[in-house]
Protein chains: 2
Amino acid sequence: MRYHRIPNETVHRLPIYLRGLLRLSEQGRQSVSSRAFADLVNVNPWQIRKDFSYFGDFGTRGVGYSIDKLEKHIRKILRLDVVNKTALVGVGNLGSAVLAYPGFKTYGFYITAAFDSDPEKIGNTIEGIEIEDVSKICTLRERDVHLAIVAVPGSAAQQIADALVGAGVKGILNFSPVHVIVPKKVKVITIEIAMDLARLPYYMPAS
Amino acid sequence: MRYHRIPNETVHRLPIYLRGLLRLSEQGRQSVSSRAFADLVNVNPWQIRKDFSYFGDFGTRGVGYSIDKLEKHIRKILRLDVVNKTALVGVGNLGSAVLAYPGFKTYGFYITAAFDSDPEKIGNTIEGIEIEDVSKICTLRERDVHLAIVAVPGSAAQQIADALVGAGVKGILNFSPVHVIVPKKVKVITIEIAMDLARLPYYMPAS
DNA sequence: CTATGTGAATTTATTCACAGCA
DNA sequence: TGCTGTGAATAAATTCACATAG
């Protein structure tokens, strides 16, 4: 099964695995069995084995999987093996939280630019990043930034997305509660907090 | 196919449908065809028809679906047909963004309590909600709050989750980047921003 | 004897195609 | 004729069971 496309659901689990591997690596572990890893990441052992089998030979029978090899390979598959410069647009409460969030570095993301439209904020430095006017988004191309996080109000989101696409951005993580339309060569992932919350009561036991 | 369990993936799409219906409702529309709705919510028409067919008879052949009936019914399925009082724990940047976010009301969620451990913040009022000490979480039971949003650092998340469970909370929306362990009668949905971002380069076209 | 790796079986979800009602 | 509603076909993902390697 060496040459096989990786199912979408597996790709979805890859960052979860990566985080688990990182934790084991910090503990100085060299290898881990599918059983032990299952407990850590909350996925069945057979699911883990099948997922890993889609992209190669990282296990040793009787021993387990090489943490280091696996980590490197998952990073490569997800294209997290290079530094990904990322821009942030919208430095309100949510944007500030994103700037302060240390979790991005784990995956090789570095926020190297921040934009806002509020003249009060422009020129300020937050978390070591100077806030620029949104009209400067067009400079992202020459700054080699291909990823952006959008944390602006819904009413501004499409316009910002257009500017980002115009500046050569290839991937957008969208926090605004609107479906932004982009050319299909650009990938958008929208996070809708309210929708995740909306699913919660369905899965809650009867009160 | 009238009496059929609703597939998980359909439940997942329900909040998306609900938002679309709400938008149509605001425009004063009475009914919508699966084709027109498909464009709005970005799901195939046949998928929409199949999904709707799992829970009843809301369409009229030749015309379309009754927006009002459908909205009410989806709300009922998701148990969004009642006011869901919600607590927020952690009023940092992210927590403040959550408090200010208007999208929750759409789905019947009202944040009626906010907690933090910072003495500087306790007693302050933000967005009309007084910030209380985290030690007061135990009062949630008598205040009839069964839902909570956790926006605290990872190191504090498990402890906060324990307190919430102790106070009778049945559902937790977790923003902290750790897997919290709760009794299985409690449902936790964890949002991991960094993981969503981590999936983006995989889906981006080669730079 | 332990733990991987993988075909085969099963379950779940999507897509199709069209009968049937307004 | 237009659009829903749904069985049947297809596709995708999960689970199982076991041969195989260390």
Side-chain angles (χ1 to χ4, degrees), chain A residues 1-17 20-21 24 29-74 77 199 202-203, chain B residues 1-17 20-21 24 29-74 77 199 202-203:
Chain A
M1 213 191 240
R2 201 60 162 291
Y3 308 102
H4 202 291
R5 70 165 260 284
I6 300 174
N8 236 290
E9 294 297 303
T10 299
V11 173
H12 203 83
R13 282 187 291 269
L14 255 23
I16 300 171
Y17 295 153
L21 292 168
L24 289 168
R29 299 278 309 265
Q30 302 285 312
S31 70
V32 66
S33 73
S34 57
R35 178 107 69 109
F37 198 53
D39 293 337
L40 185 68
V41 298
N42 225 39
V43 177
N44 304 6
W46 48 83
Q47 182 76 80
I48 289 171
R49 290 205 298 276
K50 170 109 339 198
D51 283 344
F52 288 179
S53 81
Y54 289 128
F55 49 86
D57 232 31
F58 298 97
T60 309
R61 291 167 205 244
V63 181
Y65 293 93
S66 159
I67 289 170
D68 189 57
K69 275 193 204 167
L70 214 38
E71 185 207 314
K72 283 200 174 58
H73 206 254
I74 292 178
I77 293 170
R199 282 185 272 264
Y202 178 87
Y203 292 107
Chain B
M1 213 192 241
R2 202 60 163 290
Y3 306 103
H4 203 290
R5 71 165 258 286
I6 300 175
N8 236 291
E9 294 298 301
T10 299
V11 172
H12 203 83
R13 282 187 290 268
L14 253 26
I16 299 170
Y17 294 153
L21 291 168
L24 288 168
R29 299 280 307 267
Q30 302 284 310
S31 68
V32 67
S33 73
S34 56
R35 178 107 70 109
F37 198 53
D39 293 335
L40 185 66
V41 298
N42 224 40
V43 176
N44 305 5
W46 48 83
Q47 182 77 81
I48 289 171
R49 292 205 298 276
K50 169 95 9 185
D51 283 344
F52 288 178
S53 80
Y54 290 127
F55 50 87
D57 233 29
F58 298 95
T60 308
R61 288 163 208 247
V63 180
Y65 293 94
S66 159
I67 289 169
D68 190 56
K69 278 193 202 165
L70 214 39
E71 185 206 314
K72 283 198 173 60
H73 205 254
I74 292 178
I77 293 170
R199 281 184 273 264
Y202 179 85
Y203 292 106

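In what follows, every chain begins at residue 1, and chains take the letters A, B, ... in the order their sequences are listed.
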Rounded distance (Å) that lies between atom P of C:dT14 and atom CG of A:Asn8: 12 Å
Atom pair CD1/OH of A:Ile74 and A:Tyr17 - distance to nearest 0.5 Å: 8.5 Å
Atom pair distance, as rounded to whole Å: CZ in B:Phe52 and P in D:dT4: 10 Å
Touch class at under 4.0 angstrom, heavy-atom based, for A:Gly59 against every strand present: sugar-phosphate
Atom pair distance, as rounded to whole Å: CD in A:Gln47 and C1' in C:dT10: 14 Å
Counterpart residues, ring-ring contact (aromatic ring centres under 6.0 Å, His included), relative to B:Phe58 (two or more places apart): B:His73
Min side-chain heavy-atom separation B:Leu24-B:Phe37 under 4.5 Å: yes
Whole-Å distance separating the CG atom of A:Asp57 from the P atom of C:dT4: 12 Å
Check: A:Arg61 side chain, D:dT20 base, donor-acceptor under 3.5 Å: yes
Residues touching DNA chain D, which here means a heavy atom under 4.0 Å, drawn from residues 29-45 of chain A: A:Asn44
Heavy-atom side-chain proximity of A:Tyr65 to A:Arg49 below 4.5 angstrom: yes
Between OH on residue B:Tyr202 and CG on residue A:Asn8, distance to nearest 0.5 Å: 7.0 Å
Whole-Å distance separating the CH2 atom of A:Trp46 from the C1' atom of C:dA8: 16 Å
Whole-Å distance separating the CD1 atom of A:Ile48 from the C1' atom of D:dT14: 13 Å
Sugar-phosphate, base or nothing in reach of A:Tyr65, heavy atoms under 4.0 Å: sugar-phosphate
Length of the line joining B:Glu9:CD and D:dA13:C1', which is rounded to integer Å: 10 Å
First of A:Pro7 and B:Arg49 reached from the 5' end of DNA chain D, by closest nucleotide: B:Arg49
Gap between atoms CG and P, on A:Leu70 and C:dG5 respectively (whole Å): 10 Å
Contact check, side chains of B:Leu40 and B:Val32, non-hydrogen atoms, under 4.5 Å: no
Test: A:Asp68 and A:Lys72 ion pair at under 4.0 Å: yes
